[in-house]
Amino acid sequence: MEEEYIATEHILPEKVAKKRSAIDEPESRAEGSIEVAGSNQSLQAPKAKRIKSETRKIAVPPHRYSALKENWMKIFTPVVDNMKLQIRFNTKLRQVEIRSSSETPDLSNLEKGVDFVKAFLCGFDADDALALLRLDDLFIETFEIKDVKTLRGDHMSRAIGRLAGKGGRTKFTIENVTKTRIVLADSKIHILGAYQSIQLARRAICNLILGSPPSKVYSNLRSVAGRISERI
């Protein structure tokens, strides 16, 4: 049998070479877009970088509301002038709001400002709490009497009385020897000072809660404080 040869030109459609035009077109568009972008960059001014501001909120307890209003300028002035922070008192939510700004040199200032306000709300005097802004090695420690010993009723009242002493003498003596500040807020005790000083004051307070006589606590405090001063 004779084989028949059929030309494929009559069956397959003709291919049109459009590769060059398809490649050239986006290149021309890209060149045009580059030129437009370059012209826009020359016209637009460079945008300034926005610094994200962080905010801290501190709830105000009801018994410190009036004290905060009376001493507001003592709190407002160092936070704004020295720490370069923004502060306001939200009367509806009854909380102090502190925010960093573009002028704040370091974000650690925000934490210092928060510690300063918290110290005042715990019951410390504004002048004593101001040391938290100036010094880096100061802390606040809070604990309750029940953390040391479970007391109820009159036993709790007598323990608080032993801590304060007659006319506050016991508390003042512990503060002067250990170089700390102590606030007795019902069953809560707040201590402001350096780490080692806080440990000394807490040990003395715990001994008083457990029933040790104040004279014995004083002698132990003085001996320990003397040893520490000799080391320094």
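For clarity, every value in this text was computed on a predicted model and none was experimentally measured.
For the pair Ser100 (side chain) and Glu54 (backbone), a donor-acceptor distance under 3.5 Å is present. When atom types are taken as modelled, the side chain of Ser197 and the backbone of Thr178 share a donor-acceptor pair closer than 3.5 angstrom.
In this structure, Met73 and Pro78 approach most closely via the heavy-atom pair O-CD, 4.3 Å. Nearest approach of Gly165 to Thr170, heavy atoms of both residues: CA-OG1, 3.3 Å. Closest non-hydrogen pair, Asp128 versus Leu192, comes out as O-CD2, 3.7 Å. Nearest heavy atom pair, residue Thr104 against residue Ser101, reads OG1-N, 2.9 Å. In terms of heavy atoms, Cys122 sits closest to Val183 at O-CG1, 3.6 Å. Nearest heavy-atom pair, Ser212 versus Val217, reported as atom, atom and distance to 0.1 Å: CB-CG2, 4.0 Å.
Using a 4.5 Å heavy-atom threshold, the side chains of Ile189 and Glu144 count as separate. Taking 4.5 Å as the limit, some side-chain heavy atom of Leu163 sits within range of a side-chain heavy atom of Ile205. Contact of the Ile182 side chain with the Thr180 side chain is registered, since non-hydrogen atoms from C-beta on lie closer than 4.5 Å. A 4.5 Å side-chain heavy-atom check between Phe143 and Val148 finds at least one atom pair inside the cut-off. Between Lys216 and Pro213, the closest side-chain pair of non-hydrogen atoms falls below 4.5 Å. For the pair Arg181/Glu175, a side-chain contact is recorded, criterion being any heavy-atom separation below 4.5 Å from C-beta on. Residues Ile87 and Val96 form a side-chain contact, since some pair of their non-hydrogen atoms from C-beta on lies under 4.5 Å apart. For the pair Arg64 and Phe120, the minimum side-chain heavy-atom distance is below 4.5 Å.
To the nearest 0.5 Å, the span separating CH2 on Trp72 from CZ on Phe89 amounts to 7.5 Å. In this structure, Ile209 CD1 and Ser187 OG are separated by 10.0 Å, a value rounded to the nearest 0.5 Å. Between the CD1 atom in Ile140 and the CG atom in Leu132 there is a gap of 5.0 Å [rounded to 0.5 Å]. Atoms OG1 and CE, on Thr150 and Met156 in that order, are 8.5 Å from each other to the nearest 0.5 Å. The CD1 atom of Ile174 sits 14.5 Å away from the CZ atom of Arg169 when rounded to the nearest 0.5 Å. Taken from NZ in Lys118 to OG1 in Thr142, the straight-line distance is 10.0 Å, to the nearest 0.5 Å.
Residue-environment remark: NE2 (His63) exceeds the threshold of 12 foreign heavy atoms within 6.0 Å. Around CZ of Arg158, the count of heavy atoms belonging to other residues, nucleotides or ligands within 6.0 Å exceeds 12. Counted within 6.0 Å of NZ on Lys171, heavy atoms from surrounding residues, nucleotides or ligands total more than 12; the atom is thus considered enclosed.
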Apply the test side chain to side chain contact (heavy atoms under 4.5 Å, CB included) to residues Leu133 and Met83: give CA-CA distance (whole Å), side-chain angles for both, the deciding distance (0.1 Å), then the verdict.
CA-CA 8 Å; Leu133 299 179; Met83 298 288 105; 4.1 Å; yes
Assess whether side chain to side chain contact (heavy atoms under 4.5 Å, CB included) is satisfied between Lys112 and Asp115, documenting all intermediate values.
CA-CA 5 Å; Lys112 286 183 179 180; Asp115 291 340; 5.7 Å; no
Given side chain to side chain contact (heavy atoms under 4.5 Å, CB included), test Arg202 with Ile191 step by step and report yes or no.
CA-CA 8 Å; Arg202 177 163 182 163; Ile191 306 174; 4.2 Å; yes
Where do Glu111 and Arg56 land on the side chain to side chain contact (heavy atoms under 4.5 Å, CB included) test, with the steps shown first?
CA-CA 9 Å; Glu111 300 302 328; Arg56 300 286 187 276; 3.0 Å; yes
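With hydrophobic clusters built from ILVMFWY side chains whose heavy atoms lie under 4.5 angstrom apart, Phe76 shares a cluster with Leu130. Cluster annotation: Val60 and Leu85 are assigned to the same hydrophobic cluster (Ile/Leu/Val/Met/Phe/Trp/Tyr, side-chain heavy-atom contacts under 4.5 Å, transitive). In this structure, Tyr218 is not a member of the same hydrophobic cluster as Leu200, with clusters built from ILVMFWY side-chain heavy atoms closer than 4.5 Å. Under the 4.5 Å side-chain contact rule for hydrophobic residues, Leu93 and Val117 do not share a cluster. Under the 4.5 Å side-chain contact rule for hydrophobic residues, Phe172 and Leu221 do not share a cluster.
Residues Glu97 and Asn90 have side chains that bring a donor and an acceptor to within less than 3.5 angstrom of each other.
With salt bridges taken as basic N to acidic carboxylate O contacts below 4.0 Å, none links Lys84 and Glu103.
For Phe116 and Phe124, the distance between ring centers is not under 6.0 angstrom.
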